[in-house]
Amino acid sequence: MNLHHLLKTRAAAGKPVRVVLIGAGKFGSMFLSQVPHTPGLEVPVIVDLDRDRAREACRTVGWDDARISATTFTDDGARAIAGGAFDVVVEATGNPAVGIRHARAAIAAGKHVVMVNVEADVLAGPLLAEEARKAGVVYSLAYGDQPALTAEMVDWARATGFRVVAAGKGTKYLPAYHDVTPEGVWQHYGLTAGEAQSAGMNPQMFNSFLDGTKSAIEMAAIANACTLDVPSEGLLFPPCGVDDLPHVMRPRDKGGVLEKSGIVEVVSSLERDGRPVFRDLRWGVYVVLEAPNDYAADCFKQYGLKTDASGRYAAMYKPYHLIGLELNISVLSAALRNEPTGQPRGFRGDVAAVAKRNLRAGEMLDGEGGYTVWGKLMPAAVSLATGALPIGLAHRVKLKNDVAHGAVVRWSDVEVDESNDTIKTRKAMEQAFSR
């Protein structure tokens, strides 16, 4: 509640918070739209593979010519990180390998990292966060995205003395979505392929939200940041509206759907027959908490909280998240308070590649949201014991073995380049956090 005051103090002292943004896509553009309206915050360098597109993104979000002219646009992230006087690197590329490389470069340069790239965070975030802590800089999840917002709610619940029963987000889900490919994605969004193309929408990216992969990645990030467990058999995606959270999202032995307390889960905005859930949480986040005593349970009732029949389980939720429009909170928290808005504290959740159809030896995997695999949330210990291939490494790798529809793809099923830096980083993370 002091970030704005702290920023005004920095601005008055002539020491603005300076940011290097890497990736001027949708998330980055939303962040850039807020910069002219945040005195004391500057983005002197923007890194993007398409510099002209990045400039146009700045114009689109309302930057004037003077601000654009004063900004350096480059396609070289490493040089940008090494070459300037700034406080924070925002990594928003969405590419796991690139994100890991940029994060490590920033940490080596003594800069804070805000990791919008949750794909990279789930692949190697526990190791990157530990490296940042040792270097005395902040490695942070990105506020505005659902993992950081959920982590904030979990922290609130624990800091006020409540036990966290479940935490997560809402999404649109049906079981059949796991096998959807980019070719068939738009019908599920109520769009034609032509409408999506004219809007510049990437079918593989949007499909990663639909087929369950993005949900798995985000829940792994929350589990790792909040020391919560993940479902042993993967996400259930139970249909559930906000009024029913305390009833549905409680342990099975208490009448709910969870295998135990202290777990991450995603609730669906669709009933299994496709009907909309009443008062759904498709765009929001939630935490279900348990009253520690009868007095607290009585307070739940007195102050109008929705509870289960016992009165002991209640929920708090945030119905929307504003993506990059809220990213300033992470940037300023890192630069002004030296605190992350959530960061991995362990390796509890992992996301494995699962075959969308019968795959044959010799085929190339095409990563999250593609035609070949989707990402399934698994307990990290189970993923390691299984030898599961992380979804973040299931890009442009060739299968050595057939993999049946619905089966987990394993490291032993693909051709692996052991000299690849991303693979070496992942292996180092597994070794460091599996003990």
Side-chain angles (χ1 to χ4, degrees), residues 94 96 118-119 122 168-193 195-197 201-220 230-240 257 265-277 280 282 349-378 382-383 386 388-411 413-414:
V118 69
E119 294 82 4
V122 169
K169 69 164 196 170
T171 196
K172 180 181 179 181
Y173 171 84
L174 290 173
Y177 290 170
H178 290 310
D179 292 338
V180 175
T181 69
E183 186 176 7
V185 66
W186 297 128
Q187 62 181 304
H188 300 291
Y189 285 98
L191 298 169
T192 67
E195 288 170 338
Q197 184 177 14
M201 299 167 71
N202 182 316
Q204 185 157 346
M205 182 189 74
F206 275 83
N207 197 43
S208 71
F209 287 92
L210 188 76
D211 71 8
T213 300
K214 192 69 73 174
S215 290
I217 289 172
E218 292 183 337
M219 291 306 102
V230 306
S232 59
E233 299 300 323
L235 292 169
L236 299 175
F237 297 96
C240 184
V257 302
E265 187 56 82
V266 177
V267 295
S268 176
S269 64
L270 295 178
E271 302 286 355
R272 287 296 189 258
D273 62 5
R275 291 178 297 115
V277 164
D280 69 78
R282 179 178 176 183
D350 199 14
V351 183
V354 173
K356 287 188 172 183
R357 53 178 172 78
N358 290 326
L359 302 175
R360 301 301 180 194
E363 287 194 68
M364 297 290 289
L365 301 183
D366 59 355
E368 61 173 286
Y371 289 83
T372 56
V373 291
W374 62 277
K376 179 179 180 179
L377 182 65
M378 299 179 70
V382 174
S383 174
T386 304
L389 180 71
I391 189 68
L393 295 176
H395 297 254
R396 294 186 294 277
V397 292
K398 183 180 289 188
L399 286 172
K400 295 191 299 184
N401 305 315
D402 294 348
V403 180
H405 178 209
V408 172
V409 181
R410 304 169 191 260
W411 284 97
D413 292 321
V414 298

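Of the inter-residue distances, the one linking Lys376 atom NZ with Asp211 atom CG reads 14.0 Å to the nearest 0.5 angstrom. We find the OG-OH distance between Ser268 and Tyr177 to be 7.5 Å, quoted to the nearest 0.5 Å. The distance from atom CD of Glu363 to atom CZ of Arg357, rounded to the nearest 0.5 Å, is 4.0 Å. If you take OG1 on Thr213 and CG on Leu377, they are separated by 11.0 Å, rounding to the nearest 0.5 Å. Interatomic distance, CH2 of Trp186 versus CG of Leu210, reported as 10.0 Å (0.5 Å rounding). For the atom pair NE2 (His405) and CG (Leu359), the distance works out to 9.0 Å, reported to the nearest 0.5 Å.
Not a single donor-acceptor pair under 3.5 Å links the side chain of Trp374 to the backbone N or O of Gly369. A donor-acceptor pair under 3.5 Å is absent between the side-chain atoms of Asn207 and the main chain of Val185, judged by distance alone. Ser215 places no side-chain N or O within donor-acceptor distance of the main-chain N or O of Gly212, the cut-off being under 3.5 Å.
With ring centers used as reference points, Tyr173 lies under 6.0 Å from His178.
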Inset, instruction - Please report the C-alpha distance between Leu399 and Arg360 in whole Å, then the side-chain angles of each, then the deciding distance to 0.1 Å, and finally whether the side-chain contact (heavy atoms from CB on, under 4.5 Å) criterion is met. - result: CA-CA 7 Å; Leu399 286 172; Arg360 301 301 180 194; over 6 Å; no

Legend entry - Test salt bridge (Lys or Arg N to Asp or Glu O under 4.0 Å) applied to Asp413 and Lys400, step by step: CA-CA 5 Å; Asp413 292 321; Lys400 295 191 299 184; over 6 Å; no

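Nearest heavy-atom pair, Leu365 versus Ala394, reported as atom, atom and distance to 0.1 Å: CB-O, 3.4 Å. Contact record, Ala355 with Ala404: CB-O, 3.4 Å, taken as the closest heavy-atom pair. When all heavy atoms of Val122 and Ile217 are compared, the pair lying nearest together is CG2-O, 3.1 Å. Here the shortest heavy-atom pairing between Ala216 and Gly375 reads CB-O, 3.4 Å. Contact detail for Arg272 and Leu236: the closest heavy-atom pair is NH2-O, 2.9 Å. The nearest pair of heavy atoms linking Gly367 to Gln204 is O-NE2, 4.0 Å.
Around the CD atom of Glu233, the shell of radius 6.0 Å holds no more than 12 heavy atoms that belong to other residues, nucleotides or ligands. At most 12 heavy atoms of other shown residues, nucleotides or ligands fall within 6.0 angstrom of atom CD in Gln197.
Taking the side chain as every heavy atom from C-beta outward, Glu368 and Val351 never approach each other to under 4.5 Å. Glu265 has its side chain within reach of Leu235: a pair of non-hydrogen atoms, C-beta onward, lies under 4.5 Å apart. Using a 4.5 Å heavy-atom cutoff, the side chains of Thr171 and Phe237 are in contact. Two residues are said to be in side-chain contact when any heavy atoms from C-beta on lie closer than 4.5 Å; Val266 and Met219 meet this criterion. Side chains of Leu270 and Lys172 form a contact here, defined as non-hydrogen atoms less than 4.5 Å apart. Glu271 places a side-chain heavy atom less than 4.5 Å from the side chain of Val277. Side chains of His188 and Leu174 form no contact here, defined as non-hydrogen atoms less than 4.5 Å apart.
Here the rule is side-chain contact (heavy atoms from CB on, under 4.5 Å) with Arg410, and of Thr386, Val403, Leu389 only Thr386 fits it.
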